[in-house]
Number of protein chains: 2
Amino acid sequence: MLPIKMEEKLDPRVKRTRELLEKAFMEVINEKGFQTITVQDITERAGVNRATFYAHFADKFALLDHSIRQQFIQEIDKRMLNACHFTMDNLRNLIIAVCEFIRNANSKCKPAQSQFETLVEAQVKEVLYDLLLKWLEQARTSTEPEIAATATSWAIYGLALQWSHTKKPEAVEKFADEVLPLIASNLQLVEAA
Amino acid sequence: MLPIKMEEKLDPRVKRTRELLEKAFMEVINEKGFQTITVQDITERAGVNRATFYAHFADKFALLDHSIRQQFIQEIDKRMLNACHFTMDNLRNLIIAVCEFIRNANSKCKPAQSQFETLVEAQVKEVLYDLLLKWLEQARTSTEPEIAATATSWAIYGLALQWSHTKKPEAVEKFADEVLPLIASNLQLVEAA
DNA sequence: GCTCCATTGTTGCTTAGGCAACAAAAATTC
DNA sequence: GAATTTTTGTTGCCTAAGCAACAATGGAGC
């Protein structure tokens, strides 16, 4: 159950092809690095026609974007059994998910991948925004949901990034507890009767 | 490289679908047993449409046949790097492959699967026949290749089955060495200058 | 017996994927 | 820097897979 988009009953063939491409992409990228790989490398590994690749992604950069996004969504799924609505616990898990994701991204892509950081940031904030917006639309807020969602997504990412640079990884939960009230206040939620 | 049929450049989609069905079949069969599973179970697990199943197999029995055959072919592939032509070593490995395959089949399908033994026998002998025939057609024989291939395939299977009932599994290689001359004589090969 | 429900095969129609060929853009090589 | 190869996107045509609906079969339960 994806937290953002509910699975829109997409054609099994499409699902299969995307998964094959994503899987192959991760494999090949770990062997040769992003710069050197070609679309051919990916499609050959995936056992998918090259023309089919272009039916799904504009180029390998688009696949990279999509891949980052999917991995982050998976990170969320892993940590939040029910992300459909807001609870303090869900919010806490969400913060932890962002921290862990950034930490993994940094550790995996250490060499010369500061290029990736921008992409990661963009994807993560987008997913965060969508999820938070969904939560806020189901609740009462004292601000426009779009405003609160933007502020909160930026705040979460900024804090998580800072944490990943300074704090030790063991303290994720502690860190989450620390910033939870601050983040929550960004949501501008009004208590319901 | 399959030993029997050279890979006839079959459509990637066909290959994919068959593999998905085979994989799902093995999974489901290990969970519920062959009798109780339905075609739906298999196709749902595989993520393949039920109609597509029937485009490939007449029914679950046909898939069972195909599955047994494939597993035996895999057993051969595992043990024979180059099965394209006859050598004493290839023949020895072939004998070992049959022994191991029967042993595995018996150990896995202990309960109430004597029904399967007939199917296993049929498939194994068929694959053996095809492979031996290919070998013999590349060589000089003092008999019709079809005759020699039939006799040899039956002989190999019979001996392997007897071995699986009586001898201890450790002695596969020893057993193979023991029967190798006898089996080889069945091939009716004439030494080439 | 009977109904009810699940499963089976089959069918026509739609959609996604494979393939080959192409021109254009990058890289390589020399 | 010219020539050659590789890679890239794109296209039209063909085939395989998805889907929904159907009648038919076959149990399971009453």
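Chain letters run A, B, ... following the sequence lines, proteins first and then strands; every chain starts at 1.
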* Asked: Between B:I102 and B:V124, is a side chain to side chain contact (heavy atoms under 4.5 Å, CB included) present by the stated rule, with each step listed?
  -> CA-CA 9 Å; B:I102 293 178; B:V124 168; 5.6 Å; no
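If you measure from atom NZ of A:K15 to atom C1' of C:dA16, you get 16 Å, rounded to the nearest angstrom. Nucleotide D:dA17 holds its P atom 10 Å from the CG atom of B:L10, rounded to whole Å. If you measure from atom CZ of B:F57 to atom C1' of C:dT8, you get 17 Å, rounded to the nearest angstrom. Distance B:L21 CG to D:dA16 C1': 13 Å, rounded to the nearest Å. Between A:L20 atom CG and C:dA16 atom C1' the separation is 14 Å, expressed in whole Å. Atom CD of A:E44 is separated from atom P of C:dC19 by 12 Å (rounded to the nearest Å). To the nearest angstrom, P of C:dT8 lies 9 Å from CZ of B:F53.
The side chain of B:Y54 approaches C:dT8 more closely than any other nucleotide in the set C:dG18, C:dT8, C:dG17. Minimum atom distance to the side chain of A:Q40 is reached by D:dT7, of the listed D:dA17, D:dT7, C:dC19.
By the 4.0 Å N-to-carboxylate-O rule, B:D130 lies close enough to B:R69 to be salt-bridged with it. A salt bridge links A:K78 with A:E75: the closest approach of a Lys/Arg side-chain nitrogen to an acidic carboxylate oxygen falls below 4.0 angstrom. Ion pairing of A:R103 with A:E100 is present here, as a side-chain N (NZ or NE/NH1/NH2) and a carboxylate O approach within less than 4.0 Å. The existence of a salt bridge linking A:E121 and A:K125 is confirmed by a sub-4.0 Å separation between a basic side-chain nitrogen and an acidic carboxylate oxygen. Under 4.0 Å is where a charged nitrogen must lie from a carboxylate oxygen, and between B:K23 and B:E19 no such pair does.
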Protein-nucleotides 25-28 of chain C N/O pairs under 3.5 Å:
none

With the criterion being N/O to N/O and under 3.5 Å, what pairs connect the protein with nucleotides 13-15 of chain D, and how long is each?
from: D:dT15; atom 1: O2; to: B:R13; atom 2: NH1; distance (Å): 2.8
from: D:dT15; atom 1: O2; to: B:R13; atom 2: NH2; distance (Å): 3.2

Filtered N/O pairs between nucleotides 20-27 of chain D and protein, under 3.5 Å:
none

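Shortest non-hydrogen contact noted between A:D177 and A:R92 is OD1-NE, 2.6 Å.
With no hydrogens or angles considered, a side-chain donor-acceptor pair links B:Q188 and B:S142 at under 3.5 Å.
Checking the phosphate oxygens (OP1, OP2) of D:dA16, no side-chain nitrogen or oxygen of B:H56 falls inside 4.0 Å.
The residue among B:T52 and A:K60 whose nearest nucleotide of DNA chain D is located toward the 5' end is A:K60. Comparing B:D59 and A:R16 along DNA chain C, the residue whose closest nucleotide (by nearest heavy atom) sits nearer the 5' end is B:D59.
Taking the six-membered ring for Trp and thresholds of 30 and 60 degrees, A:F34 and A:F116 have ring planes more than 60 degrees apart, a perpendicular arrangement.
You'll find the side chain of A:W154 stays beyond 4.5 Å of the side chain of A:L128, heavy atoms only.
Note that the NZ atom of A:K15 and the CG atom of A:L20 stand 10.5 Å from one another [nearest 0.5 Å].
Taking the six-membered ring for Trp and the full ring otherwise, the centers of A:Y157 and A:F101 sit at least 6.0 Å from each other.
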